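Here's the structure we're looking at; comments come further down.
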Amino acid sequence: MKSLLRNSLFVLFSACLLTACNENTVYHSYQSLPDEGWGKSDTLSFQIPITDSIPTTLRLFAEVRNRIEYPYHDLHLFISQNLQDSTVWRTDTIAFSLADSTGRWTGHGWGSIYQSETFIKSVLPLRSGNYTIKVINGMKDEKLQGLSDVGIRIEKQ
């Protein structure tokens, strides 16, 4: 258990350092998932403040941290966002490949935690304001085990 905590803190610290070094990052946040699993109907909601007065194209990324107990090679997420127009929701289905065909984890990791990311899309918000990104797991399990965190990163293009 100490090893898991130490590894989790190390990954979190590394992610913070990487984010701090990138001046193009507009938003970067993770939400922790319950130890008992991510429920099929549980929605993660990220509140995104966009403050640029001049519209800038933004690149959206989804990030996930999985433990070695995660039972699948892949992960499907439904990601809804209203960044282009706060009144219109657009949903994308994103597929993460977390392990190769031999079962070797493909993300960056140490010990029992691995972190992966995938590009979602580029968007151009019409104006500054507060927007939302919602993430739902698209897997068949009622309680998806083996994931520790899900994150969203937004960068200027």
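Below, each value reflects all heavy atoms present in this structure, side chains not excepted, and no hydrogens, waters or symmetry copies. Throughout, residue positions are numbered sequentially from 1 according to the sequence presented. Given the structure is predicted, the values throughout are model-derived calculations rather than measurements.
Taking R104 as the reference, D100, T102 meet the side-chain contact (heavy atoms from CB on, under 4.5 Å) condition, with sequence neighbours excluded. For L126, the side-chain contact (heavy atoms from CB on, under 4.5 Å) criterion is met by D85, not counting sequence neighbours. By the salt bridge (Lys or Arg N to Asp or Glu O under 4.0 Å) test, E36 is found to be paired with no residue, residues two or more places apart in sequence or in another chain being considered. Residues meeting the ring-ring contact (aromatic ring centres under 6.0 Å, His included) test with F96, sequence neighbours left out: none. Here S29 pairs with Y27, F46 under the side-chain contact (heavy atoms from CB on, under 4.5 Å) rule; sequence neighbours left out. With sequence neighbours left out, K143 forms a salt bridge (Lys or Arg N to Asp or Glu O under 4.0 Å) with no residue at all. Not a single side chain to side chain donor-acceptor pair (under 3.5 Å) links T51 to another residue, sequence neighbours left out. Listed by chain and number, the residues in a side-chain contact (heavy atoms from CB on, under 4.5 Å) with Y72 are Y70, D74, M139, K140, D141, L144 (sequence neighbours excluded).
Applying the salt bridge (Lys or Arg N to Asp or Glu O under 4.0 Å) rule to pairs touching residues 117-128 yields D92-K121, E117-R153, sequence neighbours excluded. The stretch residues 136-157 participates, sequence neighbours left out, in no ring pair (Phe, Tyr, Trp, His ring centres under 6.0 Å) pair at all.
W89 CH2 to N82 CG: the interatomic distance, rounded to the nearest 0.5 Å, is 4.0 Å. In this structure, CD1 in I79 is found 15.5 Å from CZ in R90, a value given to the nearest 0.5 Å. Atom CG of residue L33 and atom CG of residue L44 lie 5.5 Å apart, to the nearest 0.5 angstrom. Between L60 atom CG and S122 atom OG the span is 7.5 Å, to the nearest 0.5 Å. Separation of atoms CG (L147) and CG (L98) is listed at 7.5 Å; rounding is to 0.5 Å.
For the residue pair H73 and G103, the shortest heavy atom distance occurs at NE2-CA, 3.7 Å. Closest non-hydrogen pair, L77 versus N137, comes out as CD2-CA, 4.0 Å. Shown here for D149 and S32, the closest heavy-atom pair between the two residues is OD1-OG, 2.9 Å. In terms of heavy-atom proximity, G107 sits nearest to S116 at CA-OG, 3.5 Å. Scanning all heavy atoms of the two residues, the minimum distance from L124 to T57 falls at CD1-N, 3.6 Å.
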Discussion item. Set out, in order, the CA-CA distance, both residues' side-chain angles and the distance that settles side-chain contact (heavy atoms from CB on, under 4.5 Å) for I68 and Y114, then state yes or no.
Written reply: CA-CA 8 Å; I68 58 174; Y114 287 83; 3.8 Å; yes

Worksheet item: Given the rule in the side-chain contact (heavy atoms from CB on, under 4.5 Å) test, do I133 and I154 qualify, once you have shown the distances and angles that lead to the verdict?
Response: CA-CA 11 Å; I133 295 179; I154 301 175; 4.1 Å; yes

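In this structure, R67 contributes its side chain and I113 its backbone to no donor-acceptor pair below 3.5 Å. Between the side chain of T106 and the backbone N or O of S97 there is at least one donor-acceptor pair closer than 3.5 Å. Checked by atom type and distance alone, the side chain of Q31 pairs as donor or acceptor with a backbone atom of S45 at under 3.5 Å.
Through chains of ILVMFWY side-chain contacts below 4.5 Å, F78 is grouped with I136. Residue F119 shares its hydrophobic cluster (ILVMFWY side chains chained together at separations under 4.5 Å) with F61.
At a threshold of 4.5 Å between non-hydrogen side-chain atoms, the residues V135 and W38 count as touching. With contacts defined as side-chain heavy-atom distances shorter than 4.5 Å, the pair I50/T56 does not qualify.
Applying the 6.0 Å contact sphere to NZ of K156 captures no more than 12 heavy atoms from other residues, nucleotides or ligands.
Side-chain N/O atoms of T132 and Q81 include no donor and acceptor closer than 3.5 Å. For the residue pair E63 and Y30, a side-chain donor N or O sits within less than 3.5 Å of a side-chain acceptor on the partner.
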